[in-house]
Amino acid sequence: MRDMSSDERPQTLLKQVHDAGKLPGTEPYNSNTLQSSSLANPANSAEPVPTASIRGQRDVNSTLVNEPGTNARLMAPAKPNSNGSDHVNLAARAKATEPEVKQQSAAPPAKAPIKPEVTQEAAAPATGSAALLARIRAQRNASSKGAAAGTPSANGTAPSQLQDVIVAYASQTGTAHEIARNIQAESSKHGIQSKVLSFNELGMDSLIKPKKQIVVMVVSSTGEGDPPDNSARFYGHSKRRSLAQNALKHIHFTCLGLGDSNYTRYMGVPRAFKGRFSELGAQVFYPHMEADEVDGLEEFVDKWIAGLWKPLKQAALGTTQSEASADAATDSAVTSGNAAVSQAAGTASSPPELPTANGHTPSANGLTPAAQKAIPKGQDLATPPGAAPLKGVPALPECRVKLVIEADKAAASQIRQAELQHPSRVEAEYRDAEGMYSPEQPFWAVLSGARALSSRESDRQVLHVEVDIEGSGMQYQPGDSIGILPHNDAQLVEGVLRHLGQDGDQVFSIACSSGDDAKLLQHLGWPCSLRRALTVGCDLTSIPRKSLLRVLGEHCTSDSDKQRLLHLSSTGGRQDYTTHIKAAQPSLLSLFHQFPSCKPPLASLLDCLPQLAPRMYSVSSSPLESPHRVHVAFSVVRYETPAGVRQGVATTWLEKLCQPMLEGRGVTNEDRVRLPVYLRRGGSFGLPVHTESGLPNLAAPMLMIGPGTGVAPFRGFLQQRRHLAKQQDSPAAPAWLYFGCRQEQEDFLYEADLKAFEADGTLSKLRVAFSRAQSSKVYVQHLLKQDAQQVFDLLRHPAVHVYVCGDGASMAKDVQSTLVGILESVGGLTTADASAVLAALTKQQRYIRDIWS
């Protein structure tokens, strides 16, 4: 192969890659260079420990970083986010593109009632800059009883809010939700009344009513450009052809999209929402932004939110530009020095100047009266040793709900009995005519098989599990994933109940605190018992968001507990938050142990706890070989944190359910376990197909790279490919697999299957890295580098498909760097040109990564 000159290389490369899908070179593709090789010598190979093949929210903590030893993605439930999602680290590139308890009946339950909300005390007199701001507000708003109804205009009148403001979010793992909650909390400081809702809670029907409304969207994607679960129903309704062309002409909107440009369908859902709103006549009142994880979120999200308030005031309150500017200047003069930092990263915008959403006037440092009382008069609020003084305590999120206690003992008893018999006969027999199930209406599949894939000597347990979907109508394909709805650990739930002093048997429903008829917190499954809500509805183990810490801090009876939690939620406590919260990863119960005086009202707690998300697991089987049983593989998650041993929510729960099968004990029909499941399509992460017909393309070579449980989907790929080759009676193009684990005798996952694929020719090359078989560790990227010439020859094929499945934090990046290096060293390309080759393959959906971080 000749080397191109530096002058001709870039033009030739890009023309061949983009027009013909080829790599440069004068030699034709030679299949002789792609013959199978023998199993790698253990002395020259290595790989990380097996990880759970989970697509979706991380198993223990739904947050911005993943726990070690699992491939649970931060976007549950789904395949890796290919279009941008909120499972990313909080950083971003901005692209400017365009009181509690109501009784239903008189008699209270026999057991301890749910405690009422704590009444806030009167605000302490404001001093300094806060007093200045108060005088200005009072002079300009003399006729108003508070700022919640609107910011005074320059002429001294208090304009009423002309349009409803809704902060709507589409969030799979909580980042978009967190940003939306904080925008809503901050809006009251700017004199704007608003409410925060998921898109499903909002509903398309409420928007098409001829009523002027402003919608501030915070939108992420999941899977292969799929809408998050809490927006899927809205997404489907928005695409109805029956909607009039100008159905949303009375709507003004703006959109903050969250995503990761590493994936093929970057910003898929945010762009779909923006496009559909515009098609239906909605008008943009503030430029959209696309926040890219690759470049970092926090700084750019902050700037976008900081710029939102002036146009939002103009639209919502009808203020002129000069009036909005005057308000902004006043706010800035008083609050200068307080950073406006996005709560997505757990920090706050500028300290409150106006009443918060629930009507309590904060002081200059952002504290409500109850929190302000903890400060000795004339002194700054003390903070934990080594922490900075309180700065930028965020606004207190509004509690949107009230609990309605079921006082009818008979009715409550019936509900509790139904929970014990879950699934009910109706749920167990539910069938969707098209096999389309969801977290709200899952199929209750029988747990039909389980076995260990790792040896007893291994300190990490990897399980192979099978679920029976016969009769469901579900039609799965290799590359799909299956969602399972887990349960929280019973001891954890009981610990939370004990700390709160609440009776888990109490049955309740949810009502809007505003009096609206919106159905909020439906993921709790109300009416239900409190125990049931905490078991299946609430995420009790994810890394606590700062908005949760802010709410918890508001409800401490100890001044010390209060100020520590407020510090952790503030901008000044960012480093301590990283050290004591993100690194330690405390559960809700751990927080209660650390801050024993913290006992929040149940309504506030339930409203701010994240939803317990389904866990997505890669399908490791083929319907041609196992039509009625879906196979998955996962690692049982256990690991150490500064706060102690943590266990995966779903994997630990599943392990307990599988225990009789793992021990070889028979399971009777009466003892069969049913799991609530649903299917998520794999999108582009699937076997190659012909572009025109969509039929399988056996002539397309495959390069598969999947260490640990990242190998699981490739087992399904190879089962399917073997059956297709037999059906078509024709040989398939080369298929290579690079797999890695610790030791051959410890965690060589699916060893018999993989060697059988190699023996019958389904797998042309099997390369295995055993990371602990020699003194120096060798990973899959090292084996790729050893095979650089052959890998390059395979990459030159115009139909090659490259798949990477596994850890995105390190492995996937190292593999990407290695592929770039091979294109440079063997192909003679520059780094920029080599990266352009992979970018072009990604765009053509021929370099597909199913990764998590």
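All heavy atoms count here, side chains included; hydrogens, waters and symmetry mates do not.
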Please confirm whether the ring centroid of Y803 lies under 6.0 Å from the ring centroid of F717.
yes
Does the [X] side chain pair with the main chain of [Y], one donor and one acceptor, at a distance under 3.5 Å?
X: D787; Y: L784; value: no
X: T641; Y: A584; value: yes
X: E663; Y: R665; value: no
X: R846; Y: V800; value: yes
X: T818; Y: D814; value: yes
X: D468; Y: S448; value: no
X: N488; Y: C538; value: yes
X: T762; Y: R722; value: no
X: Q845; Y: L841; value: no

Can you check salt bridge (Lys or Arg N to Asp or Glu O under 4.0 Å) on K726 and E625, steps first, answer last?
CA-CA 12 Å; K726 290 180 180 178; E625 185 162 315; over 6 Å; no
Ignoring hydrogens and geometry beyond distance, is a side-chain donor-acceptor pair present between [X] and [Y] at under 3.5 Å?
X: E824; Y: T831; value: yes
X: D576; Y: T579; value: no
X: R767; Y: Q786; value: yes
X: Y266; Y: S221; value: no
X: Q743; Y: R772; value: no

Kindly determine whether F634 and V462 satisfy side chain to side chain contact (heavy atoms under 4.5 Å, CB included), including the steps that lead there.
CA-CA 6 Å; F634 59 86; V462 184; over 6 Å; no
In the structure I gave you, are the side-chain heavy atoms of [X] and [Y] within less than 4.5 Å of one another anywhere?
X: Y678; Y: L485; answer: yes
X: S455; Y: Q745; answer: no
X: S454; Y: F748; answer: no
X: W736; Y: L763; answer: no
X: V673; Y: V446; answer: no
X: Q585; Y: R646; answer: yes
X: M474; Y: Y476; answer: no
X: Q461; Y: R456; answer: no

Thinking salt bridges, do [X] and [Y] make one under a 4.0 Å N-O criterion?
X: D747; Y: R460; result: no
X: D489; Y: K656; result: yes
X: D459; Y: R742; result: yes

Rounded distance (nearest 0.5 Å) linking atom [atom1] of [X] with atom [atom2] of [Y]:
X: I705; Y: I851; atom1: CD1; atom2: CD1; value: 12.0 Å
X: H797; Y: L703; atom1: NE2; atom2: CG; value: 13.0 Å
X: L687; Y: L698; atom1: CG; atom2: CG; value: 8.5 Å
X: L783; Y: K765; atom1: CG; atom2: NZ; value: 10.0 Å
X: L540; Y: L612; atom1: CG; atom2: CG; value: 7.5 Å
X: L258; Y: D292; atom1: CG; atom2: CG; value: 10.5 Å

Of all heavy-atom pairs between [X] and [Y], which one has the smallest distance, and what is that distance?
X: P478; Y: P623; answer: CD-CD, 3.8 Å
X: S764; Y: P734; answer: OG-CA, 3.2 Å
X: L724; Y: P696; answer: CD1-CB, 3.7 Å
X: S618; Y: V632; answer: O-CG1, 3.7 Å
X: Q594; Y: P586; answer: NE2-CB, 3.8 Å
X: A613; Y: P486; answer: O-CD, 3.7 Å

Using side chain to side chain donor-acceptor pair (under 3.5 Å) as the criterion, point out the one residue from Q719, Q720, H631 that pairs with S622.
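Of Q719, Q720, H631, side chain to side chain donor-acceptor pair (under 3.5 Å) with S622 is met by Q720 alone.
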Against Y738, only a single residue in V815, V768, V791 fulfils side chain to side chain contact (heavy atoms under 4.5 Å, CB included); can you say which?
V791
Evaluate the criterion side chain to side chain contact (heavy atoms under 4.5 Å, CB included) for residue pair Y617 and I484; output intermediate values, then yes/no.
CA-CA 8 Å; Y617 297 87; I484 300 179; 4.1 Å; yes
Full working for side chain to side chain contact (heavy atoms under 4.5 Å, CB included) between L675 and L654
CA-CA 9 Å; L675 302 174; L654 287 170; 4.0 Å; yes
Give a yes or no on this: more than 12 heavy atoms of other residues, nucleotides or ligands lie within 6.0 Å of atom CD of Q475.
no
Evaluate H801 against Y847 for ring-ring contact (aromatic ring centres under 6.0 Å, His included), listing each step before the verdict.
CA-CA 6 Å; H801 281 59; Y847 177 38; over 10 Å; no
Using the rule given for side chain to side chain contact (heavy atoms under 4.5 Å, CB included), can you reason through V711 versus L737, listing the C-alpha separation, both sets of side-chain angles and the distance that settles it, and then say yes or no?
CA-CA 9 Å; V711 76; L737 174 62; 4.0 Å; yes
